[in-house]
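Quick one: the structure is below, and I'll ask about it shortly.
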Amino acid sequence: MAVVGCGTTTSEKPTPPFSAPPADCAPVQEVGNSSVSSFAGRLYEPSLEFRSERPEQEFARVLTCYGAYVGNGQLVAGDADPRAATVYVTIAVRQKDSFSGDDVVDETKRSFASYRDQLPRPAKIIAGVGNDAYVTNEATDTDARATVDFRVDNVTVQVRLNKTYTQRPTPQHESSVESDAVSLARSLAAGVATFM
């Protein structure tokens with residue numbers, strides 16, 4: 001008769017797969033460059049680089065990459081193309097701390113789902129982008145914005161894409177912005193191991 005579970009057990013916490021965000025935005029931009037050039041269209045300039053932003057005091061391990069693509073004034077009212085496009089990519093890495101449970105990945109998963117469930121408007125779940133992903137949309141008189149949040153293990157990434165038009169964005173514009181944001185998120189999720 002075998003005795004299962006006898007012996008000493010260790011309370012070692014699993015090591016999270018990722019320990020810090022990238023040092024800067026260059027590798028993030030490299031992975032997402034094809035998507036960015038696609039959504040920015042005529043506004044895209046290959047010489048423009050993502051700007052890296054970090055909190056002054058790093059309470060969390062976070063890197064924000066920001067890119068702005070602005071028209072040269074040749075667009076006219078009624079033009080279907082945006083006159084500006086901006087993208088933010090925020091990468092946050094959850095670490096072991098006194099607030100985390102034994103498993104940092106599991107804690108990141110719970111926190112990600114909790115944040116999604118507390119949004120003021122229901123989010124649309126996206127399949128095939130990281131471990132979990134969802135998108136939300138917003139439109140104003142001139143802007144259409146889509147925000148995609150996704151998780152890979154203990155890393156959460158937010159992609160926020162905004163396009164500004166000469167007139168109120170149409171449903172087609174809004175759909176296009178969402179599609180472009182999801183495309184960029186998909187690229188980043190697939191390449192997260194290359195820039196982390």
Side-chain angles (χ1 to χ4, degrees), residues 21-56 58 60-93 115 119-121 123-124 126 129-130 133-150 152 155-192 194-196:
D24 61 44
C25 292
V28 179
Q29 183 168 5
E30 189 173 316
V31 169
N33 217 30
S34 175
S35 293
V36 171
S37 65
S38 174
F39 75 66
R42 292 189 290 168
L43 305 174
Y44 181 70
E45 286 289 339
S47 61
L48 290 175
E49 294 182 359
F50 277 2
R51 187 174 72 220
S52 300
E53 297 177 348
R54 290 184 183 276
E56 280 187 29
E58 283 197 75
R61 299 197 179 225
V62 176
L63 172 69
T64 297
C65 302
Y66 167 72
Y69 308 91
V70 181
N72 57 11
Q74 294 177 358
L75 299 177
V76 295
D79 198 329
D81 288 342
R83 57 187 173 101
T86 55
V87 62
Y88 289 87
V89 178
T90 302
I91 302 163
V93 180
Y115 182 81
L119 291 171
R121 292 189 306 260
K124 185 191 314 181
I126 307 168
V129 178
Y134 61 88
V135 62
T136 57
N137 300 288
E138 185 179 350
T140 67
D141 286 343
T142 57
D143 291 40
R145 175 183 300 152
T147 303
V148 179
D149 289 88
F150 70 87
V152 176
V155 174
T156 56
V157 179
Q158 182 177 83
V159 174
R160 192 170 76 232
L161 174 60
N162 189 85
K163 292 186 186 180
T164 302
Y165 297 90
T166 55
Q167 298 177 344
R168 184 169 188 84
T170 66
Q172 289 81 9
H173 288 136
E174 294 175 43
S175 176
S176 170
V177 170
E178 177 181 313
S179 175
D180 292 338
V182 170
S183 177
L184 177 55
R186 197 177 302 281
S187 298
L188 295 176
V192 74
T194 65
F195 60 76
M196 293 297 295

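For the numbers below, each heavy atom of this structure counts, side chains included, while hydrogens, waters and symmetry mates do not.
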Got Thr156 and Asp149 here, is their nearest side-chain heavy-atom distance under 4.5 Å?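 Thr156 vs Asp149: side chains apart.
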
Indicate the atoms forming the closest heavy-atom contact of Ala146 with Asn137, along with that distance.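 Looking at all heavy atoms of both residues, the closest pair is CB-OD1, 3.5 Å.
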
Between CG on residue Leu184 and OG on residue Ser34, distance to nearest 0.5 Å: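 Spacing of CG (Leu184) from OG (Ser34) equals 10.0 Å.
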
Please report the shortest heavy-atom distance between Ile126 and Tyr134, naming the atom on each side.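 Shortest heavy-atom contact: CD1-C, 3.8 Å.
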
For Asn162 and Tyr88: C-alpha separation, side-chain torsions, deciding distance, then whether side chain to side chain contact (heavy atoms under 4.5 Å, CB included) applies. CA-CA 9 Å; Asn162 189 85; Tyr88 289 87; over 6 Å; no

So which heavy atom on Phe195 is nearest to which on Pro27, and how close?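 Phe195 and Pro27 have their closest heavy atoms at CB-CB, 3.6 Å.
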
Could you please spell out the steps behind the side chain to side chain contact (heavy atoms under 4.5 Å, CB included) verdict for Glu30 and Thr194? CA-CA 10 Å; Glu30 189 173 316; Thr194 65; over 6 Å; no

Would you list the pairs meeting salt bridge (charged side-chain N to carboxylate O under 4.0 Å, His left out) in which at least one residue belongs to residues 161-172, sequence neighbours left out?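 As it turns out, the salt bridge (charged side-chain N to carboxylate O under 4.0 Å, His left out) pairs with a partner in residues 161-172, which skip direct neighbours, are Asp141-Arg168, Lys163-Asp180.
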
Do Asp24 and Phe50 have side chains that get closer than 4.5 Å, going by heavy atoms?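 No; the side chains remain at least 4.5 Å from each other.
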
Which heavy atom of Leu63 sits nearest a heavy atom of Pro22, and at what distance?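 Heavy atoms of Leu63 and Pro22 come nearest at CD2-O, 3.5 Å.
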
Give me the atom names and distance for the closest heavy-atom approach of Gly130 to Ala189.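 Looking at all heavy atoms of both residues, the shortest contact is N-CB, 3.6 Å.
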
What's the separation between atom CD in Gln167 and atom CZ in Arg83, rounded to the nearest 0.5 Å?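 It comes to 11.0 Å.
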
Test of understanding: with salt bridge (charged side-chain N to carboxylate O under 4.0 Å, His left out), list the residues that count as partners of Glu174, not counting sequence neighbours.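 Scan of Glu174 (salt bridge (charged side-chain N to carboxylate O under 4.0 Å, His left out), adjacent residues dropped) gives none.
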
Applying side chain to side chain donor-acceptor pair (under 3.5 Å), can you list everything that pairs with Thr170, at least two apart in sequence or on another chain?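 If we apply the side chain to side chain donor-acceptor pair (under 3.5 Å) test to Thr170, skipping adjacent residues, the hits are Gln172, His173.
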
Would you check if Met196 and Ile91 make a side-chain contact, meaning some heavy-atom pair closer than 4.5 Å?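 Yes. Closest side-chain heavy atoms under 4.5 Å.
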
Show the nearest heavy-atom pair for residues Ala181 and Val159, with the distance to one decimal.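 Looking at all heavy atoms of both residues, the shortest contact is O-CG1, 4.1 Å.
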
To the nearest 0.5 angstrom, please state how far the CZ atom of Arg160 sits from the OG1 atom of Thr86.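 So the gap between those two atoms works out to 7.5 Å.
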
Mark yes or no for whether Arg145, through its side chain, and Leu161, through its backbone, hold a donor-acceptor pair below 3.5 Å.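 The answer is no, because no donor-acceptor pair under 3.5 Å joins these two groups.
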
